[in-house]
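Numbering of ligands and ligand atoms starts at 1, following listing order. All values reported here derive from a predicted model rather than from experimental measurement.
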Amino acid sequence: MACKLVILFFFVNLLMQIPKVRATVPAIIVFGDSTVDPGNNNQVSTVLKSNFEPYGRDYYGGQPTGRFSNGRIATDFISEALRIKPAIPAYLDPKYDIEDFATGVSFASAGTGYDNATSDVLSVIPFWKELEYYKEYQNKLRKHLGKDEANQRFSESLHLISIGTNDFLENYYIFPTRSSEYSVDEYQSFLIGIASNFIRELYKLGARKVVIGGLPPMGCLPLERTTNMFFGSDCIDEYNDVAKDFNKKLRGAVTELKQELGGIHLVMSSPYDKLMEMIRNPSHFGFEDAETACCGTGFFEMSYLCDNMNPFTCSDANKYVFWDAFHPTEKTNAILADYVVKTTLAEFQ
Ligand SMILES: *[C@@H]1O[C@H](CO)[C@@H](O)[C@H](O)[C@H]1NC(C)=O
């Protein structure tokens, strides 16, 4: 008996000394909207830009990059946590080339949505065009690394999608076109159909690791609270409910796609609850304000209205959940990224 125990301990010991085999992620490929756009819109003729101060004032060198934040965005922190690099460059930024993009690239465009009609509103890059850029990137990387190595890399890279808020807040609830055509429920299904097809296309292009983000509590963005001024500037419950409902449907679609697409590692990340926790209990995270933004008066400013001429901008963005009326501060992005890395992305590390 004692002898068997000794042998057992020997094997347990041996097993514990074998290093855990880790799946490696050589690159992060990003698609989506301003939540993950590191500056593609700088190269696009749109009014939706942020490549001027005070944007980026807490970024490396205090540089405005086109990120809609005072510093880094969530995908930068995710890239760092996966030990790849501290920031993911924008595909259209001429300062970078295929060698930089080989370890991570973002095709995202602020203001865009699943729906073509959403990207039309502010003339930004439509979602389908992001996929066209990805195909172009794949060809460039095959030339750069050789076909086999490049293809291997596409299958091992983490493909991350973060988009959808603008379809509701910049499109459905603003313009009558979609809202007269579709009920909210139908519009959600329409968008999720586009999301599913996008993932199928990625799969055809060799992607095997995909994470798609759900919607945030979009009724609590400072701009939405401002429109709710006559009701005490509370969060707009209707929008939050739409987000929760959308996330439930998206989760269902993800489950189906996993059945359909053999060998895919597809997960959905939902920052909804974590962001809501910060909004409901800001002091727990060291924040002082979760209702108004740091930039300007905090009620409505973003893009060109959030510039250095605005005298009201706060001095310490770390006290705020939101940087401008629509986007989180770097600190919020870091907390969300850390949460996603430790939960949803655990299987990719
Ligand atoms: C969006 O536009 C592109 C290009 O015109 C088109 O190929 C695609 O089918 C459109 N998507 C939807 C869902 O209508």
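The aromatic rings of Tyr187 and Phe168 sit perpendicular, their planes meeting at an angle over 60°, well past the 30° parallel limit. By the 30° and 60° cut-offs, the orientation of the rings of Phe31 relative to Phe107 is parallel.
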Can you list, pair by pair, the side-chain donor-acceptor contacts under 3.5 Å of residues 143-151, counting residues two or more places apart and other chains?
from   : atom 1 : to     : atom 2 : distance (Å)
Asn151 : OD1    : Arg142 : NE     : 3.0
Asn151 : ND2    : Lys147 : O      : 3.4

Only distances under 3.5 Å count here; give the side-chain donor-acceptor pairs of residues 42-49 to other protein atoms, sequence neighbours excluded, each with its distance to 0.1 Å.
from  : atom 1 : to     : atom 2 : distance (Å)
Asn42 : ND2    : Gly39  : O      : 3.4
Asn42 : ND2    : Thr65  : O      : 2.8
Thr46 : OG1    : Leu48  : N      : 3.0
Thr46 : OG1    : Leu122 : O      : 2.7
Lys49 : NZ     : Asn41  : O      : 2.9
Lys49 : NZ     : Asn42  : O      : 3.3
Lys49 : NZ     : Val44  : O      : 2.6

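Glu330 has no carboxylate O lying under 4.0 Å from a charged side-chain N of Arg67, or vice versa, which leaves the two without a salt bridge.
Within 4.0 Å of ligand 1, heavy atoms belong to protein residues Asn116, Trp128, Ile194.
Legend: residues meeting side-chain contact (heavy atoms from CB on, under 4.5 Å) with Ser180, ordered by chain and number and at least two apart, are absent.
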